[in-house]
Amino acid sequence: MKTKKIIFNKLIEITILFFIILTVLFFLFRAAPGDPVSRMVDPTLTPEDIQLLIAQMGLDEPAWKQYIIYIKNFFSGNLGHSFHYGEPVSNIILDRMPCTILLFTTSTLLAAFAGVFLGKIAAWKKGSAIDNVLSIGALLCHTLFIPWFALLVLWAFAYKLGWFPLGGIISPELWINDTSFFIKMLDVLHHMFLPLLTLFFIHLGSYLLLMRSSMLGVLKEEYIITARAKGLSDKVIRNKHAARNAALPVITSVGLSLAFSINGGALTEQIFTWPGIGRELIFAVSNNDYPLAQACFLLITAVVLIANLIVDLLYAYMDPRISY
Amino acid sequence: MALLKVENLSVGYKSKKGMVNAVNNISFSIEQGRSLGFVGESGCGKTTIGMTLMGLLPENASILKGDIIFNGNNLASFNDEKWRAFRGKEISMIFQAAMNALNPVIRVDEQIAEVIQIHNPAMSKSDVSNQVKKIFSLVEIPEDRLRDFPHQYSGGMKQRAIIAMALACAPKLIIADEPTTALDVIVQDQILKEIKKIQKALNTSVIFISHDIAVVADVCKDICVMYGGHIVEKGTREEVFKSPRHPYTKTLLGSYLTLDSYEDINVPEIREAPDLITMTGGCRFSANCNCKSQKCQCQTPEWVNLSSTHQALCFEELLNKDKND
Amino acid sequence: MSFKKNLDRLFKSNLKRVLFTGLLILILGMVLSCQKKEEEALLKIGLPEEPKSFNVWLASDSNSRKILSQIYQPLYTRDPKTLKIIPWLAQKDPVFNKEELSYTIKLRPAKWSDGTDFTSDDVVFTRKLFLDFQIPGYASKWKVIKKLDVIDEHTLIFYLKEPSAIFLSRVLTTPIVSKKEWEQIAANAKKTEKPLRTLQNHVIEKPLGTGPFMLAEYKKGAYVYMKKNPYFFGTGKKIGDYILGPYVDSILFKIYGTSDVAILALKKGDIDMFWWEIQPGYIKDLEAQPDIEVFLNEKNALYFLGFNLRKPPFDDKMLRQAIATLINKEFILTRILQNYGSPMHSIIPSGNTFWYNPDVRRYDVGQKDEDRFKTAHEMLKKAGYTWDKEPVISDNGIVEGQGIRLPDGKPMDNFVILTPPADYDPKRAFAGMMIQEWLRKIGMPAFARPMSFNSLLDRVKGKHDFDAFILGYGKLNLDPDYLRTFFDSKNDKPRGWNMSGYNNPDFDKIAKKQLSIIDEEERKKLIWEMQEILMEDIPYIPLYNPHILEAVSKKRFEGWVEEVDGIGNIWSLCMVKKNNGYSNNMDKGK
């Protein structure tokens, strides 16, 4: 009962924060130089044409008026139409979001699990050959230059070996013909593998290192000696008594990196032509597509806030010392 | 036959400067149902003894020589697997509660149940939980606090839980390493009573390690005084505390303030602990001893029998000289 | 508790499961890729970005236009070889009546891709749509039409308000849309508060056109699939020099987020063509590939250094001329464009041979630094410029000048040359740096500053708050009327195209006049005169015109049609056909 109230309070807090960010974003975009039509360098457009376009987009009104309209629309569930797509922004986001979630959640979680697993082993066998290999490997992953690595992966596995497609999310050749749903699903998985692999390795390094250092700290704790004094096996001590405590910082990190993967993953999305939200965001910002850019940022805001809430709750669940 | 017999045990730590003998050539034994106390200042090697008996020496430490005969087994030759089955079951340890000895993210009952489970794999879940309840009632923790997390406990309760953990498999020997150090005096008293009660009830042997003479004197029938890795005096409680013979024991007792003797406070001068690496021969206490002779620095002192139970590691003439004073 | 146990278990078994799943996907993937079978002639084209919209009134990005240009067709178009205007949806050249200022146009018996007839009504409707909604880019052109009469289903007469030189090339080349498709949408949009926006925001899923292809399927984020339009009016007909197809059954547009990957796809044979410019750096590798053909074509582009003529120091023609002399265009071309391009000496690219005036004033005095600097130095001195420390130019080199002063004795303020950022266009950014160095050598306090494209346009075009800038038009129209657009003093206003603030009444007069001259030879004289004036006054210094490099795979298809601006055009898609001989060889090879 108490937890419910606390979650409720947190939600209110988040909502307020959300609207503050919404407002800041709104005016920030309007203050940025240029406008959505400034990029149209088509000499056939007369200044009158441009004025008309701007008026039609509602950008001729003073900013505060635009803001009121935006807020009004926002509450009726209308995020506006993209200036360039002409579609409701929500449609675009709903199209792109699942792709991003699918790829980034999977890769982050896989990397986190693998990082926790390997970091645990590395810390447990500190100073051994396994530890050295894992630590150096993790450092390499951590310092990888993403575009270079992504291209290398594509070059090797898609171009040279031909095992995987050169980016994209589906094979058009398969989809334009009637193909069963099962095959289509496999096709998506097949396309997902390389970006997944890339992101997995990119994330793995930091999770492994984080887990390793956290685990080393935990292993120095008294309760580990207690556990050993009980006659528990190494495995139980490592997994039950040490790893759970040590994994706490990794959980925070996963929560945040999930949130930031939306924009941070744009580069990976670009190279693998993954139709995610990151590419949209970059397009929207560089083309002054305010409604789309705002919606993308709001989405990130929402995800960050909610991820934080979930991390908090999960933390409370994993670490009984924390309570709200 | 003694439950535990330690003979000529030496334990060393590898360090950058060389091998450090933290425990040097010590021997002692303990009978079933008895309690043995180790006193001495920090760094004297008493905790190392505890860890050695539990097989929990850190990686850079090892038994250099000696035998540890427990119930007919030589623990000094145990491998990891044997230790694992042994620890917690035959010998268990009571840690200091203040030092995070309980895992903060696991419920208390679970932490105790797992000891029982690991040593009695055949036991059913309900039997285990009954056993846990029984032990909790023994250490007087209310049953409704069983499912709590350690942070929800007070310091005293935590200590009781730790005691319960040590008792879980009814071990023959319990090693209590500073179990009451961080507790306030009232709680400390309760805990000590608890330990005594349980010891009596279960007829367990207890090795009690503390720097606090009063605590050791309260619980233990037999006392070992340690200095610089050596046992320097051993005997019954009365013998050691009422008529200390070794100069170090005397200093140690002298440094202990009691309210009824505050008038003749005899604060010993601050001394440096002996350098355990460079010391080669001679008595380790000689640098700080106030009744030393020429001999002390070059000759190793030997055990002097003072009674059938009372012994001191010193030169006989010095002990006697002191007595004459 | 069970959650925690599961967690523990996951820690343990995760790696194995991941490896197993990975292996499974791998095997299935290999099976899948073997399954691909191609019976029909499916042309695969790589695009650098997804098309944003299939609403022809909204789509302003090049990728949407690539798709839409296969669907919506104009009445007249340009012959790729002669670059002359030829009939397309119209049956023949218009009949011009000089007295009435009217053009009679006969339409082809064409059909929309749904099988309905294309008629005069559609043309009338399109005009109405332009004017009703003031559709940007179109309405302003169609305003010249006073009246549009329908004679019969396939005959129309356009009456003009005044003679217009660009009626054929700019007005009749706009795409015609179907009344059936748009009538209802337009009627609904009109009732709304922002009619144009509503029209533009209408989502068109299956655009209805008369072109060689029609949109069969669009999978967002993945591909665009076009099928041959069975009703295409051009099929089997000879238009220009070509007997039109299309000879392929369908086109699949695939998207590649980076050129690197698209080029890998081209090399691997995943796509037959990459419809995007290829950077010179890739060419060597591509030319070494036996299956790849690289096309190099002229562009109708203009890259230039523009000045703000509204304020000192660049309000002085002599200074601009001196700077034009200082700039070594050949050097920029070799160093930055790696010789894939040509230097420009007039505002009209030399490739536009009919309108290009080769006899305008030239400022290049050779490649040698000393020659250029000496000439510029003298020009400046003559114009009254002084230095606190004059530059010394001898055969042994140049000693930098310092503290240049304007003819009125005031020191020249620091000025900024705005360029797009290097990640947007490295060529322009680096050209800016080079020019900065040359100007500094003669003592001018020049600072090249890359700036985000939006900000740059905002300052140059919107606020007129700048000194100098480097910009470019990647694709100019072949009709040179843009000279008027860029330099007519009427267009010197915020967001107007006369970004420099060039104001020359003589020029304005000629610019206005040429617009009404229908006789091409006569108009050419005026266009040439305009170029002469511009190169004398030099508000823009034309720098270079890059070549367009494109690559296709020879494995399956051949017959690409090259024109100005490359092979990415409707002609190519109408002419490309399966390369049987080549693929047979390949089969034997296997």
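Below, read A as the first sequence line, B as the second, and so on, with proteins coming before strands; counting in each chain starts at 1.
- Between A/Arg96 and C/Glu50 a salt bridge is recorded (basic side-chain N to carboxylate O distance below 4.0 Å).
- No other option in A/Cys99, A/Ala150, A/Pro275 has as many heavy-atom pairs under 4.5 Å with chain C as A/Pro275.
- A/Ala55 touches chain C through its backbone: at least one of N, CA, C or O sits under 4.5 Å from a heavy atom, while the side chain does not.
- Rounding to the nearest 0.5 Å gives a distance of 11.0 Å between CG of A/Asp49 and OH of C/Tyr138.
- For a residue to count as touching a neighbouring chain, one of its non-hydrogen atoms must lie under 4.5 Å from one of that chain's; by this rule A/Ile54 touches chain C with the side chain only.
- Between the C/Lys219 side chain and the A/Ile176 main chain, no donor and acceptor come within less than 3.5 Å of each other.
- Ranking C/Pro195, C/Pro494, C/Ser250 against chain A, the residue ahead of the rest is C/Pro195, based on heavy-atom pairs under 4.5 Å.
- Atom OG of A/Ser171 sits about 10.0 Å away from atom CG of C/Leu252, to the nearest 0.5 Å.
- Shown here for C/Arg197 and A/Gln56, the closest heavy-atom pair between the two residues is N-OE1, 2.9 Å.
- The interface of residues 254-263 of chain C with chain A, defined by heavy-atom distances below 4.5 Å, comprises C/Lys254, C/Ile255, C/Tyr256, C/Gly257, C/Thr258, C/Asp260, C/Val261.
- Here the closest non-hydrogen pair linking A/Leu45 and C/Gly137 is CD2-N, 3.6 Å.
- In terms of non-hydrogen atom pairs under 4.5 Å with chain C, the most contact-rich of A/Leu196, A/Asn91, A/Leu151 is A/Leu151.
- Heavy atoms of other residues, nucleotides or ligands lying less than 6.0 angstrom from NZ of A/Lys160 number 12 at most.
- Between C/Lys493 and A/Glu48, at least one side-chain nitrogen of the basic residue sits less than 4.0 Å from a carboxylate oxygen of the acidic one, meeting the salt-bridge criterion.
- Taking all atoms of both residues into account, the shortest heavy-atom contact from A/Ile169 to C/Gly221 is CG2-O, 4.2 Å.
- Nearest heavy-atom pair, A/Pro47 versus C/Gly496, reported as atom, atom and distance to 0.1 Å: CG-CA, 3.6 Å.
- In this structure, CG on C/Asn55 lies 14.5 Å from OH on A/Tyr85, to the nearest 0.5 angstrom.
- Only the side chain of C/Lys141 comes within less than 4.5 Å of a heavy atom in chain A; its backbone stays farther off.
- Note that CG of C/Leu47 is 11.0 Å distant from OG1 of A/Thr273, once rounded to the nearest 0.5 Å.
- Looking at C/Phe54, neither its backbone nor its side chain comes within 4.5 Å of chain A, counting heavy atoms on both sides.
- Neither the backbone nor the side chain of A/Val188 comes within contact range of chain C; no heavy atoms are under 4.5 Å apart.
- Atom NZ of C/Lys490 has 12 or fewer neighbouring heavy atoms from other residues, nucleotides or ligands inside a 6.0 Å radius.
- Interface remark: C/Ser140 contributes side-chain atoms only to the contact with chain A (heavy atom separation under 4.5 Å).
- Within 6.0 Å of the NZ atom in C/Lys227, the count of heavy atoms belonging to other residues, nucleotides or ligands does not exceed 12.
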Trace of the side-chain contact (heavy atoms from CB on, under 4.5 Å) decision for A/Ile50 with C/Lys461: CA-CA 12 Å; A/Ile50 287 168; C/Lys461 195 165 172 249; 3.4 Å; yes
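- The backbone N or O of C/Tyr223 lies less than 3.5 Å from no partner atom in the side chain of A/Trp175, so there is not a single donor-acceptor pair.
- Within the 4.5 angstrom heavy-atom criterion, only side-chain atoms of A/Asp95, from C-beta onward, approach chain C.
- Looking at C/Arg170, only its side chain comes within 4.5 Å of chain A, counting heavy atoms on both sides.
- Chain A forms more heavy-atom pairs under 4.5 Å with one residue of C/Glu217, C/Glu49, C/Glu193, C/Lys220 than with any other, namely C/Lys220.
- Only the side chain of C/Tyr424 has a heavy atom closer than 4.5 Å to any heavy atom of chain A.
- Side-chain contact between C/His202 and A/Glu87: absent, with no pair of heavy atoms (C-beta onward) separated by less than 4.5 Å.
- Formation of a donor-acceptor pair under 3.5 Å by the C/Asn454 side chain with backbone atoms of A/Ser286 is found in this model.
- Relative to the ring axis of A/Phe283, C/Lys52 places its NZ or CZ within 45° and under 6.0 Å from the centre.
- The shortest side-chain heavy-atom distance between A/Glu173 and C/Lys44 falls under the 4.5 Å cut-off.
- Annotation for C/Lys268: atom NZ counts as buried by contact number, over 12 foreign heavy atoms lying within 6.0 Å.
- In plain terms, the two heavy atoms of A/Trp155 and C/Leu264 that are nearest each other are CD1-CD2, 3.8 Å.
- Residue A/His84 holds its NE2 atom at 11.0 Å from OG of C/Ser53, rounded to the nearest 0.5 Å.
- The side-chain heavy atoms of A/Leu53 and C/Leu196, taken from C-beta on, include a pair separated by under 4.5 Å.
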